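Reviewing the structure listed below.
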Amino acid sequence: MQLSRRMQRLASLVTEGNRLADVGTDHGYVPIALVRERKIPSAVAMDVNKGPLARAEEHIREAGLSTYIRLRRSDGLQELQAGEADTILIAGMGGMLMVRILEEGGHCLDMAEELILQPQSDIYMVRRWLSEHRFQILLEDIVEEDGKYYPMLKAVHGQERELTEPELYYGKREIQNSPQILRRCLQARLSENRKILGILKQSQKEKTRRACEIESSIKIINFVLAEFQGSEKSPDFFEEQTKGGNSL
C-alpha cells in the first residue's frame, strides 16, 4: 500500500503516540500506515457510507490490524465518544461540510489535543470557524499532486488572534511549511482569475457581482505574493486596495 503525496503529508502531521480518529476514512489508508509504522497505538476509522467502510475493513483485515483499528459508521463526529481520540483528522471534503462536522462535534473536540484538516474547498470558512471557537492554527502546509493543490493545517486549543482577510484565504505565511508550493498555487490562481475576468469584460459583464468577486480575489492574491517578495505593505494598504469588493 502506497500513500499518495497528500495522504503522506496528512499522516506526517499526526503527533506520535496519539490515538487517531479518521473522519471520512475512505480506504482506511492513513490509519493503516500510522499503526503499521507504530507511530500511533490505535485508531477509529469512520465514514458515513457503507461502501468506504467495507473497503477499509478489507484493507485493515489484510494488514492484520483489526485489533488496533476499529471501524465505525458515523455522520461526521457523531459516533465518536468524548476522550476517545487525541488527534482528529478530517480530510477530502468541502469546507462547508467540514465546518458542519466541527459544529456538531463539540462533545468530543474539547478533549482532543489536535485537529488536522484538509478541506477541498472554502478553506477560509474552516480557518474562520477555528478562530471563532478558540483554536489556534499551529501550522499550515500545501501539497501539489496531479496538477492540483491541497492546503491543510493543524490546529490546537488556544485563542487565535483575529485573522486578516488574506490569512483567512491563504493562511499565515510565517507558519507555512511549503511556501514555494503555496507561491506556485497563488500564481496559478492569479492567472486563472485574470483569464476569467478577461472573459467577463469581453462579454460586457465586468460590473457583475462575479466580476467584483474576481477582482477582489486578484487583489488578495497580489497582496500575499507581495509579502512573499518582501514588500512592506501594511494592513491599511490592504484595506485600501480591497475596499468596495467581496473576496473569494
Side-chain angles (χ1 to χ4, degrees), residues 1 3-4 6-36 39-60 63 65-66 68-130 132-135 137-141 143 150-157:
M1 180 193 70
L3 291 181
S4 68
R6 175 180 69 94
M7 289 192 291
Q8 285 177 359
R9 193 66 55 84
L10 286 168
S12 74
L13 298 181
V14 176
T15 297
E16 187 171 355
N18 278 9
R19 299 164 300 159
L20 174 68
D22 184 18
V23 180
T25 193
D26 197 19
H27 292 77
Y29 288 156
V30 170
I32 289 171
L34 289 172
V35 172
R36 180 180 281 165
K39 184 175 180 179
I40 63 173
S42 63
V44 181
M46 305 190 296
D47 208 290
V48 70
N49 296 311
K50 291 181 179 179
L53 281 178
R55 291 194 295 270
E57 182 178 21
E58 180 181 354
H59 295 146
I60 292 166
L65 298 176
S66 300
Y68 305 97
I69 304 174
R70 290 166 290 162
L71 289 160
R72 191 171 302 165
R73 190 175 182 191
S74 176
D75 183 0
L77 292 164
Q78 290 181 9
E79 301 304 321
L80 185 68
Q81 302 302 310
E84 196 174 9
D86 307 304
T87 299
I88 294 176
L89 167 63
I90 312 175
M93 62 189 71
M96 186 177 297
L97 175 57
M98 191 171 290
V99 166
R100 198 253 308 164
I101 288 172
L102 292 169
E103 282 281 0
E104 295 176 356
H107 65 284
C108 56
L109 292 183
D110 287 345
M111 298 185 69
E113 293 180 7
E114 62 188 19
L115 304 177
I116 297 171
L117 309 173
Q118 189 265 300
Q120 301 283 67
S121 62
D122 298 326
I123 193 170
Y124 74 95
M125 298 177 66
V126 177
R127 291 193 185 100
R128 179 180 292 144
W129 188 93
L130 293 170
E132 291 174 351
H133 290 79
R134 301 182 67 83
F135 280 93
I137 300 173
L138 194 64
L139 63 84
E140 299 261 0
D141 210 338
V143 170
Y150 298 95
M152 58 192 71
L153 56 87
K154 177 189 278 194
V156 297
H157 294 286

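Being a predicted model, the structure only gives us computed values, none of them experimental.
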#### Entry: Residue pair P119 / V126: nearest heavy atoms and the distance that separates them
CG-CG2, 3.8 Å
#### Entry: Nearest non-hydrogen partners of R6 and M152, listed with the distance
O-CE, 4.1 Å
### Query
Pick one: which of L10, D22, L3, I60 meets side-chain contact (heavy atoms from CB on, under 4.5 Å) with Y29?
L3
### Summary
Value for NE2 (H59) from CD1 (I32), rounded to nearest 0.5 Å, stands at 7.0 Å
### Message
What's the separation between atom CG in L71 and atom CG in L53, rounded to the nearest 0.5 Å?
### Response
6.0 Å
### Message
I need the minimum non-hydrogen distance between A155 and F135, along with the two atoms involved.
### Response
CB-CB, 4.4 Å
### Message
Rounded to the nearest 0.5 Å, what separates atom CG in L20 from atom CD1 in I40?
### Response
4.5 Å
### Message
Is it the case that the side chain of R73 and the backbone of V48 share a donor-acceptor pair, with hydrogens and angles ignored and the cut-off at 3.5 Å?
### Response
yes
### Message
Main chain of R19, side chain of D86: is a donor-acceptor contact present, judged purely on distance under 3.5 Å?
### Response
yes
### Task
Give a yes-or-no answer on whether the side chains of Q120 and Q118 include a donor-acceptor pair shorter than 3.5 Å.
yes
### Query
Taking side chain as C-beta onward, heavy atoms only, is M7 less than 4.5 Å from H27?
no
### Query
Does E79 offer a backbone N or O that forms a donor-acceptor pair with the side chain of R72 under 3.5 Å?
yes
### Query
Looking only at atom types and distance, does a side-chain atom of K39 sit under 3.5 Å from a main-chain N or O of S12, one as donor and one as acceptor?
yes
### Query
In Å and rounded to the nearest 0.5 Å, what is the NE2 to CG distance from H157 to L130?
11.0 Å
Side-chain donor/acceptor pairs under 3.5 Å, residues 88-112, sequence neighbours excluded:
unit_1: R100; atom_1: NH1; unit_2: D75; atom_2: OD1; d: 3.4
unit_1: R100; atom_1: NH1; unit_2: E104; atom_2: OE1; d: 2.9
unit_1: R100; atom_1: NH2; unit_2: D75; atom_2: OD1; d: 3.4
unit_1: E103; atom_1: OE2; unit_2: W129; atom_2: NE1; d: 2.9
unit_1: E104; atom_1: OE1; unit_2: Q78; atom_2: NE2; d: 3.3
unit_1: H107; atom_1: NE2; unit_2: L77; atom_2: O; d: 3.2
unit_1: H107; atom_1: NE2; unit_2: L80; atom_2: O; d: 2.8

### Task
Report yes if some heavy atom in the side chain of E114 is under 4.5 Å from a heavy atom in the side chain of T87; otherwise report no.
yes
### Task
List in chain and number order the residues that pass salt bridge (Lys or Arg N to Asp or Glu O under 4.0 Å) with R36, two or more places apart in sequence or in another chain; answer none if no residue qualifies.
none
### Query
When rounded to the nearest 0.5 angstrom, what distance separates NZ in K50 from CD in E57?
12.5 Å
### Message
Could you check whether any side-chain N or O of D47 sits under 3.5 Å from a backbone N or O of N49, counting only pairs where one atom can act as donor and the other as acceptor?
### Response
yes
### Task
Could you walk me through whether M46 and T25 pass the side chain to side chain contact (heavy atoms under 4.5 Å, CB included) test, one step at a time?
CA-CA 6 Å; M46 305 190 296; T25 193; 5.9 Å; no
### Task
Please round to the nearest 0.5 Å and tell me the distance separating atom CD of E84 and atom OG of S42.
8.5 Å
